[in-house]
Every structure is written in C-alpha cells, then in structure tokens.
There are 2 protein chains.
Amino acid sequence: MSENAFYKLRDEIENGIVTGEFEPGERLDETQLAARFSVSRTPIREALMQLSAIGLVEIRPRRGACVIDHPPQYVFEMFEVMGELEAMAGALAARRHTDADREALSSSHERCLASAASGDTDAYYYDNELFHHAIYSASHSAFLKDQCIALHRRLRPYRRLQLRVRNRMQTSVREHGAIVDAILAGDAEEARALLRSHIVVQGDRFSDLVAGIQSMKMQTRAR
Amino acid sequence: MSENAFYKLRDEIENGIVTGEFEPGERLDETQLAARFSVSRTPIREALMQLSAIGLVEIRPRRGACVIDHPPQYVFEMFEVMGELEAMAGALAARRHTDADREALSSSHERCLASAASGDTDAYYYDNELFHHAIYSASHSAFLKDQCIALHRRLRPYRRLQLRVRNRMQTSVREHGAIVDAILAGDAEEARALLRSHIVVQGDRFSDLVAGIQSMKMQTRAR
DNA sequence: GTCAATAATCTTGTATACAAAAATGGCCAG
DNA sequence: CTGGCCATTTTTGTATACAAGATTATTGAC
C-alpha cells in the first residue's frame with residue numbers, strides 16, 4: 001500500500017473496467033476517483049494516462065476520460081487478431097516446448113477439465129487464463145508472450161461474457177484437449193489451425209457476443 | 001502549443017527515442033526534460049507514463065524513467081510478430097481491397113520506386129511507411145490496422161538501422177512489387193507469405209541488425 | 001412556455017510545494 | 001589507499017493551488 005500508488009490505481013481502475021463496474025462509455029471523473037481511493041488527482045491522472053495508452057480508456061482534451069466503447073465489429077477484429085497471435089504462439093510451442101512446458105500445459109488443462117466439470121465459471125475463467133499463458137510461455141518468444149498477455153487483458157471484459165453462453169465451457173475445454181495434443185505431438189500447423197478457430201468469434205458466437213454487449217449496456221442504462 | 005501539452009510532449013520524447021537522440025538505456029530525467037521543453041514536471045510525467053504503457057520507456061519505482069533497452073533476441077521476436085501481423089493484413093487486403101485501396105497501394109509503391117532509385121534513404125523511409133500503411137488500410141480491419149501502426153512505431157528505431165545496409169532499399173522495393181501484385185491479384189496466401197518474409201529479419205539481416213544496434217550503443221558510450 | 005445568451009459552477013490541465021526515498025560525497029577507521 | 005558509514009543533496013511521488021476551458025443554471029426576450 002505504501003509505494004507507487006499509480007500502479008495500484010491503474011490495476012484497480014483496469015479491474016473495474018474488466019469486471020464491468022465501469023461500463024463502456026462511462027465517464028471517469030478524476031475528482032470522484034481521487035475521493036474514492038483517498039488520493040489526490042495526480043496519481044489518478046497518471047493511472048488514466050497509462051490506461052489510455054493501453055487502449056482501455058479514451059482521453060479527450062478538456063473533456064476528461066471515458067471507458068473505451070468499441071463497436072462490435074472492432075471487438076470482433078480484436079478476437080481475430082488475438083486468434084492469429086495465439087495461433088502463432090501455438091505453432092511455435094509445438095516446435096519448441098520443453099519438458100517443463102509439457103508439464104505446465106497438461107496440468108493447466110487438467111485444472112480446466114476439473115473446473116468445467118464442476119460448472120464453476122469463475123474458476124474456469126481463471127484456469128483458462130493459466131492454460132493460455134502456458135501456451136504463450138511454451139512459444140519461447142518473450143515479445144509474443146507480452147503481446148498475447150496484453151491483448152488477452154484487453155479482451156477480458158468480452159471473454160467473460162462469452163462464458164455465460166450455454167455449454168461454452170464444455171466446448172472450450174474440449175478444444176483445449178485437441179490443442180494440447182497437437183502441441184505435444186509437435187504438429188505446428190495443426191496447433192495453429194486449432195487455436196485460430198478456438199479464439200476467433202465466428203458465426204453464432206459473434207451474435208452471442210453482440211447480444212452480451214447489448215445486455216451489458218442495458219444493465220447500465222437501468223441503474 | 002496552447003492545448004494538451006502532454007500529447008505534444010509524448011510525441012516529442014517518442015521522436016527523440018526513435019531518432020536515437022535518447023539512446024536505449026538512457027535515463028530520462030524529469031526535471032531536465034521539463035526545463036528543456038519549458039514546462040513543469042507534471043505533463044512530463046504524464047507523457048512518460050504513456051510511453052511506459054506503450055513499452056518505449058521503463059519506469060522503476062523511485063528510480064525514474066529509462067529508454068527501454070531490449071536484447072537483440074527480443075527485437076528479433078518483435079519483427080517476427082510484426083511479420084505475422086502484416087502477413088495477416090496482406091491476406092485480408094488481397095481479399096477485401098477496394099478500388100481506392102488499389103490506387104493507394106500502387107501510388108505509394110510508385111513513390112517507393114522513385115525514392116529508392118534516387119537513393120534518398122530518408123525519403124524511402126517515409127514512403128515505405130506510406131506503403132505499409134496502405135496495406136493496413138486495405139485490410140479493412142480497424143483493430144489490425146491500429147496494432148500494426150503501434151508496432152510499426154515501436155520498431156522505427158531498428159527499421160532505420162536496417163536501411164543503412166547496402167542495397168537494402170533495392171531489395172525492399174523489389175519485394176514490394178511482388179507484394180502489390182499478389183494483393184491486387186487477390187492471392188491471399190501469396191501475399192501472406194511474401195509479407196512475412198519481407199518483414200522477418202532472417203539470417204544475415206539479423207546479424208546486420210545486431211551489428212547496427214551495437215554500433216548505435218558504441219556511439220553513445222563515446223560521447 | 002421555449003429558446004438563447006450570459007453568468008455561475010465545475011472540471012481539466014499545469015505549476016508549485018513538500019515529504020520521503022535514493023544517490024552522492026565526504027569522513028573516518030583499518 | 002581502500003572500504004564502509006553517516007550527512008548532504010538530488011530526485012521522485014503526491015498534494016495542493018490556480019488559471020482557462022467546458023458545462024450547467026439562470027435570466028430575459030419573444
């Protein structure tokens with residue numbers, strides 16, 4: 001608590017955006033946030049500056065900061081790019097994984113299986129992140145890993161929505177199984193293809209996503 | 001000059017990093033920068049916060065900001081990811097380009113041809129950027145375009161180094177020609193493959209890059 | 001009652017002030 | 001002469017102050 005308030009504040013505000021406490025388009029009042037976190041406006045502004053550089057917040061001159069509000073098309077494109085990056089990570093992982101990577105992949109997949117079976121979406125959400133991070137690490141490309149983690153974070157609000165769709169967890173974990181097999185078998189092109197289609201939001205899933213975003217906003221209006 | 005100093009400051013400092021005025025690893029003193037740009041430390045700090053979120057600057061608690069200094073391996077990985085993203089943009093462009101995109105691609109390629117022929121590396125550097133931006137736009141994926149532009153910016157310092165290598169401009173512009181042909185022919189997979197190898201820094205080019213980075217740092221030490 | 005213009009208020013953007021941590025330098029012991 | 005410890009000096013991180021632009025409320029005209 002003692003040092004570097006703006007780091008903590010950045011994570012705190014980011015978390016608020018991810019969980020939907022701050023909704024897309026909502027204005028982020030500096031004074032209000034300062035009061036809420038019992039700090040002055042200075043570290044709040046610094047946190048907002050960082051979030052704006054990351055692309056979670058939009059700062060318009062003399063107008064203050066808003067939570068970024070992307071049109072569904074843009075969100076779709078984000079998943080599309082994420083798919084390509086994860087596909088790349090999977091392909092590299094298939095070629096480069098070590099014994100430790102095998103272990104990390106398998107065990108995180110086991111955890112996903114368990115939490116999917118229990119139906120606990122929060123647990124699955126967390127374990128799913130572990131699984132994907134295991135792939136990034138296994139790619140042995142530090143920059144690719146950084147990029148994947150950054151984009152993964154940006155997509156968190158929407159990823160959360162997706163899990164609410166019926167049976168998505170079961171489908172997701174089944175796909176994970178095939179991905180693990182491909183990577184461990186060293187089949188780079190198979191891993192690439194599987195990861196791409198695992199991530200990209202196609203057909204019905206896109207409609208579900210748009211519906212989810214809509215309902216999230218409706219919820220906002222109602223309050 | 002009147003409004004939003006931190007935007008201008010961010011670009012100014014970023015530019016300093018890109019052109020090599022601020023060398024990798026160099027400490028960025030807030031007070032010094034404030035004096036240099038005749039502002040207080042506040043907007044300087046805000047600019048540095050943004051640059052750190054982008055990944056151009058590293059801020060260590062209570063230790064101040066430094067220009068980020070990546071090991072050559074990491075830089076290589078950055079080009080590798082850039083290659084994959086541009087390949088994706090090229091593939092999409094091949095499928096989706098409009099008449100306006102055709103025109104933009106052709107004319108920016110013409111400009112590259114001209115500046116390469118004249119041997120003006122600065123002009124080529126600029127026209128090359130135009131050309132690649134034309135591909136991003138033709139992909140008709142706003143997010144992919146944003147990501148490409150962001151990464152392209154981050155790679156600027158190193159890209160500049162590459163052009164100094166003998167005949168690189170001629171080779172580059174020849175590759176551009178093939179890329180334009182593939183995109184205009186609507187051959188997505190050909191465009192993908194050509195762009196990937198156009199960007200990725202393989203074999204000798206990687207050695208040249210490492211040597212360039214070394215000499216850049218030597219120059220720093222000497223002063 | 002509605003609209004527009006102006007005054008009052010609020011919010012942002014920047015400067016300055018101050019406390020606490022890190023870096024520096026000097027001093028003394030060995 | 002070297003190395004470690006304490007005092008001094010910088011430098012960072014945060015709070016506060018203030019000016020200028022944006023927003024809201026009020027008043028007056030139609």
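Each chain gets a letter, A, B and so on, in the order the sequences are listed, and its residues count up from 1.
- Rounding to whole angstrom units, CG of residue B:Leu9 and C1' of C:dA15 are separated by 14 Å.
- For the helix from C:dG1-D:dC30 to C:dG30-D:dC1, the terminal axes (five pairs an end, C1' atoms, rotation from four pairs onto the next four) enclose an angle of 0°, given to 10 degrees.
- Taking atom NZ of residue B:Lys8 and atom C1' of nucleotide C:dG13, one finds them 16 Å apart after rounding to whole Å.
- The shortest distance between the side-chain N/O atoms of A:Ser40 and the OP1/OP2 oxygens of D:dA15 is below 4.0 Å.
- Contacts of A:Glu58 classified as salt bridge (charged side-chain N to carboxylate O under 4.0 Å, His left out), with partners at least two apart in sequence or in another chain: none.
- A salt bridge links A:Arg36 to A:Glu21: at least one charged side-chain nitrogen sits closer than 4.0 Å to a carboxylate oxygen.
- Atom CD of B:Glu46 is separated from atom P of D:dG13 by 14 Å (rounded to the nearest Å).
- One atom, CG of B:Leu48, and another, P of D:dT12, lie 9 Å apart when rounded to the nearest Å.
- Regarding B:Met49, its CE atom lies at a distance of 16 Å from the C1' atom of C:dG13, rounded to whole Å.
- Defined by atom type and a distance below 3.5 Å, a donor-acceptor pair is missing between the side-chain atoms of B:Ser141 and B:Tyr136.
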Protein-to-nucleotide contact annotation, 5' to 3' order, nucleotides 7-12 of chain C [B base; S sugar-phosphate only; - none; under 4.0 Å, heavy atom]: ----SB
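- For the pair B:Ala123 and B:Asp120, the tightest heavy-atom approach, listed with the atom from each and the gap, is N-OD1, 3.1 Å.
- Computed from coordinates, the B:Leu33 CG to C:dA15 P distance equals 14 Å when rounded to whole Å.
- Across all non-hydrogen atoms, the minimal contact from A:Met169 to A:Ser115 is SD-O, 4.5 Å.
- The separation between A:Phe37 atom CZ and D:dA15 atom C1' is 18 Å, rounded to whole Å.
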